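Take a look at the structure below.
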Amino acid sequence: MGVNLRTLVSKTKVDFKSLSGKSVAIDAYNALYQFLAIIRQPDGTPLKDYSGRITSHLSGLFYRTANLVEMGVKVAYVFDGVPPALKEAEIKRRAKVKAEALVKYEQAVREGKMEKARSYAQMTSKLKDYMPEDSKRLLTELGVPWIQAPSEGESQAAYMTTKGDADYCGSQDYDSLLFGATALVRNVTVSGRRKVPRKRVYVEVVPEVMKLEQVLKELEITREQLIDVAMLVGTDFNPDGVKGVGPKTALKLIKKHGSIEDVLPRLEDVEFNADPNEIRKIFLHPKVTDNYQLEWKAPNVDGVIDFLCRERDFSEDRVRKALARMSAGIKESKSKTTLESWFG
Amino acid sequence: MFKAKMADAKFLKDMMGAISILVDEATFDLTPEGIKLRAMDPSRVAMVDFEWPKTVFNEYSCSETMKMCINISELLKLLKRTGKDESVELSLDEKTGKLKISIRGNYSRTFNMPTLEAMDEEVPTPKVNFNVSARTTTQGLREAIEDASLVSDHVRIEADNERIVMNAAGDIMGAKIEFKTGDDVLLEMKAKEASKATFSLSYLSEIVKASVPTSEIVVMEFSTDMPIKLDFQQEKDGKLKFFLAPRIEVE
């Protein structure tokens with residue numbers, strides 16, 4: 001979910017070519033949830049192997065990663081560890097939404113309303129324990145680095161951009177900016193054509209880049225103040241925020257009064273059931289690790305085929321073709337240089 | 001206020017055509033002294049460095065330094081229909097943010113197109129010590145690159161004091177093209193040390209092909225495994241230079 005800063009943050013649409021040669025630390029859970037939501041049959045059933053295990057996440061991860069590597073993008077995936085205790089309410093809220101969606105999905109299926117069923121099914125997407133494990137195994141075979149974050153994947157990815165180890169944090173959520181990501185790129189894992197929810201319309205999805213420095217400059221606030229804006233709107237750690245305060249109002253209030261502590265007493269009838277300092281701490285000083293290595297290797301073709309085709313019933317022909325494109329891309333990126341190397 | 005008039009609309013069309021090879025949305029610096037642009041393609045493999053001092057224009061006035069970003073392919077679409085002996089005048093309406101393009105020939109027409117939000121990014125010049133410098137005819141270089149493109153998608157350019165050799169190795173076929181001092185295409189050749197570097201032919205051919213209408217002579221400078229600089233000599237004042245990053249040969 002993440003905080004809704006969409007209307008405040010100006011973004012630049014970019015060509016995938018501009019990401020070539022750049023490293024992107026992708027929030028793995030964020031990407032996996034999207035694969036699970038999007039990669040489904042028309043009636044909403046996820047992809048499965050012959051024994052009934054879901055494979056939507058593997059399909060998305062495999063083909064998307066192969067495409068990115070083919071284009072010369074250096075991707076690494078960062079997996080969630082233990083969520084901050086404050087996220088409990090949000091996690092419960094999401095579980096409830098999913099449970100409700102499941103009931104509606106089953107009803108829609110009984111009534112034969114396929115489109116409705118599909119949209120409810122997407123909302124039920126649950127990450128089962130074996131899915132991150134599957135994904136890590138696949139990435140290892142693909143030669144793509146993955147990192148186990150101590151807490152949120154997003155904050156670890158953001159940390160890696162501040163250290164200069166990654167050029168971008170890859171996520172759909174704007175939270176990365178609150179975590180201090182110097183640059184965020186959205187839509188790297190969902191590009192191509194995407195169906196507009198509840199409509200029979202497709203839109204072209206292209207990557208969007210946001211730079212923290214530029215965002216703050218444009219909004220004329222500090223990162224601490226951006227976090228305060230987010231808290232007023234509602235974050236994963238205080239999902240409710242302040243009732244009736246949207247992103248634009250929140251920005252106005254913070255710019256006028258300085259901080260959330262100065263804003264809250266000035267509002268009438270507010271309920272703010274959280275300690276701003278505790279939430280601030282999560283964004284400013286998240287639990288992160290330096291214990292990671294970013295090393296890209298050639299894919300282990302036999303290992304990938306064994307896993308995806310023998311164990312999970314993927315089409316061997318398609319998998320081999322994607323691996324060949326991926327290997328060609330790796331070779332191409334090794335010989336390619338950019339002028340940036342001579343800027344000194 | 002910005003207004004610039006050029007008696008030959010084709011010259012503007014050709015120059016914009018050369019820039020459009022690398023850049024889609026082009027941010028020009030407009031100054032009282034003239035206009036310039038330095039930009040890289042999205043992959044950051046190639047760069048164009050363009051400048052027209054005000055003397056290139058028949059009339060030129062620009063009250064202060066400003067940036068103007070336009071979609072070059074849209075502009076080219078408009079210029080494509082300009083014929084021989086037509087003049088063109090560009091003027092920027094700062095209130096509406098529109099660029100006005102007035103073309104005069106047998107009759108006159110005026111187009112307008114939106115300007116876009118200008119990029120702030122300053123692109124530096126690559127720092128390279130060039131060991132080889134060669135003056136060739138632009139057309140000759142173009143032919144050589146077309147020849148190499150028949151067999152491969154990249155070419156190794158080698159040079160010493162007497163010759164330039166281009167080697168293209170494809171999957172099944174190969175090509176070797178040689179310019180020797182004394183050949184009509186090679187006008188001047190200097191090499192501090194023998195050098196070689198490999199470049200993508202798709203970039204090279206597009207850059208050279210698009211620059212041919214603007215320039216008859218090109219000065220090519222490079223060093224081993226360094227970017228190449230192609231300086232397309234302009235008849236009038238002004239410059240059109242390209243930099244292209246090398247490919248590193250790996251086993």
Side-chain angles (χ1 to χ4, degrees), chain A residues 9-24 67-74 167-168 182-183 185 187-188 191 204 206-218 220 296-298 324-325 327-344, chain B residues 22-25 27 38-49 69 71 116-130 152-156 169 171 197-203 207 221-230 241-251:
Chain A
V9 175
S10 79
K11 43 197 164 255
T12 317
K13 289 199 161 95
V14 299
D15 198 305
F16 262 111
K17 278 188 203 149
S18 68
L19 296 176
S20 130
K22 302 283 184 193
S23 50
V24 184
N67 279 346
L68 289 166
V69 172
E70 186 194 357
M71 290 184 283
V73 186
K74 291 151 81 184
D167 295 307
Y168 296 95
T182 53
V185 56
N187 296 345
V188 271
S191 291
E204 196 67 37
V206 296
E208 298 169 347
V209 164
M210 283 139 273
K211 305 236 154 122
L212 180 61
E213 204 187 304
Q214 201 184 334
V215 168
L216 297 178
K217 204 172 116 192
E218 274 177 22
E220 299 172 311
W296 287 270
K297 296 183 206 148
R325 284 190 291 111
S327 301
I330 293 173
K331 204 177 146 208
E332 171 64 24
S333 353
K334 274 190 188 148
S335 40
K336 196 182 130 188
T337 66
T338 70
L339 288 173
E340 285 167 320
S341 316
W342 284 274
F343 284 165
Chain B
L22 298 186
V23 198
D24 198 21
E25 290 181 2
T27 302
R38 191 189 288 159
M40 283 192 285
D41 79 308
S43 314
R44 307 173 309 282
V45 171
M47 176 190 293
V48 54
D49 190 0
C69 182
N71 185 314
L116 311 164
E117 201 174 323
M119 295 291 219
D120 255 343
E121 221 173 349
E122 290 293 329
V123 179
T125 319
K127 292 186 186 68
V128 186
N129 291 319
F130 295 112
S152 181
D153 55 8
H154 53 272
V155 63
R156 192 173 78 221
D171 288 337
T198 303
F199 302 97
S200 144
L201 275 168
S202 60
Y203 276 95
I207 289 170
E221 290 182 283
F222 69 98
S223 291
T224 296
D225 291 339
M226 296 278 183
I228 191 170
K229 181 166 99 179
L230 296 166
K241 295 181 200 173
F242 285 89
F243 288 88
L244 177 62
R247 293 171 57 90
I248 304 297
E249 284 169 87
V250 283
E251 291 315 307

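Within every chain, numbering begins at 1; the chains are lettered A, B, ... in the order of the sequence lines, protein sequences first and strands thereafter. Everything numeric in this text was worked out from a predicted model, so none of it was measured.
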For [X], is it the side chain, the backbone, both, or neither that has a heavy atom closer than 4.5 Å to a heavy atom of chain A?
X	answer
B:Thr198	neither
B:Val128	side chain
B:Met40	side chain

Is it the case that A:Lys74 places NZ or CZ above or below the six-membered ring of A:Trp296, under 6.0 angstrom from the centre and within 45 degrees of the axis?
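Checked: cation-pi criterion met.
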Give me the atom names and distance for the closest heavy-atom approach of B:Ala197 to B:Asp225.
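Where B:Ala197 meets B:Asp225 most closely, the heavy atoms are CB-N, 3.6 Å.
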Distance-only side-chain donor-acceptor flag, A:Ser20 / B:Arg44, under 3.5 Å
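Absent: no donor and acceptor within the cut-off.
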Ion pair check, A:Lys22 and A:Glu340, cut-off under 4.0 Å
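A salt bridge is present here (some side-chain N lies under 4.0 Å from a carboxylate O).
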